[in-house]
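All chains are named by letter (A, B, ...) in the order of the sequence lines, taking the proteins before the strands, and each is independently numbered beginning at 1.
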Amino acid sequence: MQIRVRFAPSPTGELHIGGVRTALFNWLFARHHKGRFILRIEDTDILRSQENFTNSIIDNLKWLGLNWDEGPEVGGEYGPYFQSQRLAIYKKYADYLLKEGKAYFCYCTPEELELRKKQMQKEGKPPVYDGHCRNLSYKEREKFEREGRKPTVRFKVSEGIELKVRDLLRGEVVFKSDVLGDFIILKSNGTPTFNFANVIDDSLMKITHVIRGEDHLSNTPRQLLLYQALGFNPPLYAHIPMILGKDGSKLSKRHGATSISYYREKGFLPWAVVNYLALLGWSTPDSQQFFEKEELIEKFSLERVNKSPAVFDPRKLEWMNAEYIRKMETEKLVNLLIPYLKKKGWVKEEIDSATYRKIFRITELERDRLHLLSDILEIADFFFEEEFAYDTKAVEKRLNKEYVYPLLKRIKVEIDKMEHLSEENLEVLLRNLSRELSLSTAEVFHPLRVALTGRMKGPGLFELAAVLGKEEVIRRINRTLDWLKKHKVKSSV
RNA sequence: GUCCCCAUAGUCUAACGGAUAGGACACCGGGUUUUCAUCCCGGCGAUGGGGGUUCGACUCCCCCUGGGGGCACCA
């Protein structure tokens with residue numbers, strides 16, 4: 001039997017971290033077993049579903065590399081894969097249940113329901129539908145219809161039965177039908193509710209395994225009942241642990257960025273995100289951290305998914321991203337960095353070969369400092385901006401010394417004599433100068449670094465100076481000298 | 001309130017019923033380096049509590065506690 005799993009997001013918001021992890025586990029399971037991974041858009045909430053969310057979800061899944069075999073854009077023999085295009089199907093099955101006496105029309109208004117629910121909670125009972133409309137007479141129904149009430153369709157749940165969910169991770173979980181209550185399968189506007197559409201689609205699409213978040217575990221008994229009533233065989237279930245925020249509650253916006261778009265824009269690499277997320281709730285016997293794609297597919301198994309929820313740790317994700325950035329070929333990294341530079345206006349849309357070589361070299365020099373691709377904007381500004389600011393602490397610590405002004409002046413003079421500024425001849429120059437002036441090398445290097453970059457940290461001094469070139473280095477030293485004078489820093493008086 | 005799930009360091013996790021409870025992030029310290037980063041070395045730190053079962057329990061059972069999730073005309 002071919003394994004078929006699906007990811008069924010609803011386009012009421014951006015794809016978020018938890019959704020990605022669910023999609024990932026489904027995708028890995030399918031790929032591992034050479035099965036099919038299906039994408040289905042659950043857009044039955046007319047009010048909240050938006051097409052741009054659908055597009056963004058699809059776009060981000062592609063970006064992550066979680067490709068699907070059936071679904072939007074690729075089609076498939078069990079479509080359509082948008083629930084909004086399957087309304088007639090749900091209607092048909094609802095009619096069937098109605099005809100069989102397994103469902104009925106309910107005319108209760110949301111307000112009435114709310115009131116009774118509160119009452120039941122007060123009495124310490126599970127807040128379930130009380131069956132108010134279960135046995136309406138023909139006359140009563142007529143009356144409601146005349147009032148203009150639009151009915152929902154409710155599924156009849158018999159009391160006193162036990163529903164056993166066989167979960168691949170948790171074993172048998174038993175629910176009593178009494179806590180379920182007759183639930184709605186068709187809203188008054190004719191669209192199906194989640195439980196109903198889900199069961200029908202999973203059946204019709206021949207889904208064999210439902211891998212979803214643990215928050216769906218309590219929905220499962222209702223769905224089991226529907227499978228029974230409809231005469232379908234339920235799939236196998238695996239309810240994977242939730243992803244929580246730092247405070248231990250379900251990951252949400254108040255924990256910071258949760259939408260995958262954010263991570264994408266910040267410059268997280270798709271595979272770093274995938275690799276990190278794979279480790280949330282799953283592990284190998286040796287706690288391996290890094291996986292290549294094929295390796296992850298090969299090693300992944302539901303048996304090794306654990307049951308307890310996991311806290312999402314952005315710091316570890318960032319670390320992992322940095323690791324992948326370091327491991328990447330420079331040329332690839334350059335190409336990923338260029339869009340950020342363009343957007344910032346540091347390089348033109350058309351990149352000539354000289355500019356490319358410069359970016360390449362800068363990438364080599366800065367790559368170990370990048371955690372995110374966008375970090376390049378913070379740490380490499382001085383390579384592209386001539387009028388960078390001097391860091392206050394750097395001025396205080398490195399420039400505010402008597403010897404600095406004459407030193408920089410001397411360095412300038414010496415560099416000016418050079419035919420060409422290279423890493424080598426600059427190093428020779430500075431080391432000789434330190435000996436001649438009885439200064440430590442650090443006392444020579446640090447002020448120059450601040451003069452050239454405005455800050456105390458950064459790539460090797462000789463290397464970065466070579467990238468800037470003789471003319472620019474001299475210009476920057478002059479600028480610093482002027483600046484020192486103007487600001488009456490100790491070294492210039 | 002009610003039902004369900006879960007429980008190894010701050011975090012992610014490993015450990016046939018039998019190791020000094022292993023690894024990773026973070027944190028702290030040291031080394032390398034002109035700075036930062038990288039890299040290398042080292043350190044801190046965990047089986048929630050109580051009962052059982054067993055020669056022996058992180059592991060099995062029960063209770064407690066704690067945390068999470070569901071209980072929508074949301075999915």
| query | If the C1' atom of B:rG67 is compared with that of B:rG48, how far apart are they to the nearest Å? | reply | 11 Å

| message | Between B:rG17 and B:rC55, how far apart are the two C1' atoms, rounded to whole Å? | response | 12 Å

| note | From CZ of A:Arg212 across to P of B:rC5 the rounded distance in Å is 16 Å

| query | Do A:Phe194 and A:His216 make the cut of ring centroids closer than 6.0 angstrom? | reply | yes

| request: Would you please classify the geometry between the A:Trp282 ring and the A:Phe291 ring as parallel, tilted or perpendicular, with 30° and 60° separating the classes? | output: tilted

| task | Rounded to whole angstrom, note down the P distance from B:rA19 over to B:rU53. | result | 22 Å

| In whole Å, what is the span from the CZ atom of A:Arg369 to the C1' atom of B:rC36? | 6 Å

| Counting only non-hydrogen atoms, which of residues 421-447 of chain A are less than 4.0 Å from RNA chain B? | A:Arg431, A:Phe445, A:His446

| query | Are any side-chain N or O atoms of A:Ser56 and backbone N or O atoms of A:Glu14, one a donor and one an acceptor, separated by less than 3.5 Å? | reply | no

| query | For A:Gly460, which contact category applies under a 4.0 Å heavy-atom criterion: base, sugar-phosphate, or nothing? | reply | base

| request: Could you work out the separation of B:rC25 and B:rU20 based on their C1' atoms and round it to a whole Å? | output: 24 Å

| request: By nearest nucleotide on RNA chain B, pick out whichever of A:Val174 and A:Met456 is the more 5' one. | output: A:Val174

| field | Residues which pass side-chain contact (heavy atoms from CB on, under 4.5 Å) with A:Arg86, listed by chain and number, not counting sequence neighbours | value | A:Pro80, A:Ile89, A:Tyr90, A:Asp201, A:Leu204, A:Met205

| message | What I want to check is whether the side chains of A:Asp43 and A:Gln83 have a donor and an acceptor closer together than 3.5 Å. | response | no

| query | So, A:Phe25 versus A:Phe7, ring centres under 6.0 angstrom or not? | reply | no

| said: Rounding to an integer number of angstrom, what distance separates B:rA24 and B:rA15 when you compare their C1' atoms? | reply: 16 Å

| task | Would you kindly give the CG-to-P distance between A:Leu452 and B:rU35, to the nearest whole Å? | result | 17 Å

| Looking across every strand, which nucleic acid part, if any, lies under 4.0 Å from A:Leu461 by heavy atom: base, sugar-phosphate, or nothing? | base

| query | Within the structure shown, what part of the strands sits under 4.0 Å from A:Pro459 by heavy-atom distance: base, sugar-phosphate, or nothing? | reply | base

| Is the NZ or CZ atom of A:Arg154 positioned over A:Tyr129's six-membered ring, under 6.0 angstrom from the centre and within 45° of the axis? | yes

| field | Nearest-angstrom distance, C1' atom, B:rU11 to B:rC16 | value | 29 Å

| said: By the 4.0 Å heavy-atom rule, please label A:Arg170 as base, sugar-phosphate, or nothing. | reply: sugar-phosphate

| query | Side chains of A:Gln288 and A:Glu295: donor-acceptor distance under 3.5 Å anywhere? | reply | yes

| query | Within the structure shown, what part of the strands sits under 4.0 Å from A:Arg326 by heavy-atom distance: base, sugar-phosphate, or nothing? | reply | sugar-phosphate

| query | Expressed in whole Å, how much space separates the P atoms belonging to B:rA9 and B:rC64? | reply | 22 Å

| Can you check the A:Leu372 CG to B:rA37 P distance for me, whole Å? | 16 Å

| field | Interatomic distance where CG belongs to A:Asn275 and C1' belongs to B:rU13 [whole Å] | value | 14 Å

| request: Provide the Watson-Crick or G-U wobble partner of B:rG1, both distances under 3.5 Å; none if there is no partner. | output: B:rC71

| message | With side chain to side chain donor-acceptor pair (under 3.5 Å) as the rule and sequence neighbours excluded, what pairs involving residues 440-457 of chain A come up? | response | A:Asp381-A:Arg455, A:Ser440-A:Glu443

| B:rC58 and B:rA46: how far apart are their C1' atoms, nearest whole angstrom? | 10 Å

| remark: Separation of B:rU13 atom C1' from A:Asn306 atom CG, nearest Å, is 8 Å

| request: Give one of base, sugar-phosphate or nothing for A:Arg149, where a contact means two heavy atoms less than 4.0 Å apart. | output: nothing

| field | Footprint string (nucleotides 65-75 of chain B, 5' to 3'): B base within contact, S backbone only, - free, heavy atoms under 4.0 Å | value | ---BBSBSBBB

| field | B/S/- contact track for nucleotides 18-32 of chain B, protein heavy atom under 4.0 Å | value | ----BBBSS------

| request: Rounded off to whole Å, could you give me the CE-to-P distance for the A:Met320 and B:rU11 pair? | output: 19 Å

| field | Residues A:Lys118, A:Glu114; criterion salt bridge (charged side-chain N to carboxylate O under 4.0 Å, His left out); working and verdict | value | CA-CA 6 Å; A:Lys118 284 212 176 108; A:Glu114 186 62 28; 3.8 Å; yes

| query | How long is the line joining CH2 of A:Trp282 and C1' of B:rA14, in whole Å? | reply | 13 Å

| query | What residues form a side-chain contact (heavy atoms from CB on, under 4.5 Å) with A:Leu244, not counting sequence neighbours? | reply | A:Met242, A:Pro309, A:Val311

| query | Strictly by modelled atom types, are A:Arg367 and A:Thr330 linked by a side-chain donor-acceptor pair under 3.5 Å? | reply | yes

| query | Within 45 degrees of the axis of the six-membered ring of A:Tyr324 and under 6.0 Å from its centre: does A:Lys327 put its NZ or CZ there? | reply | yes

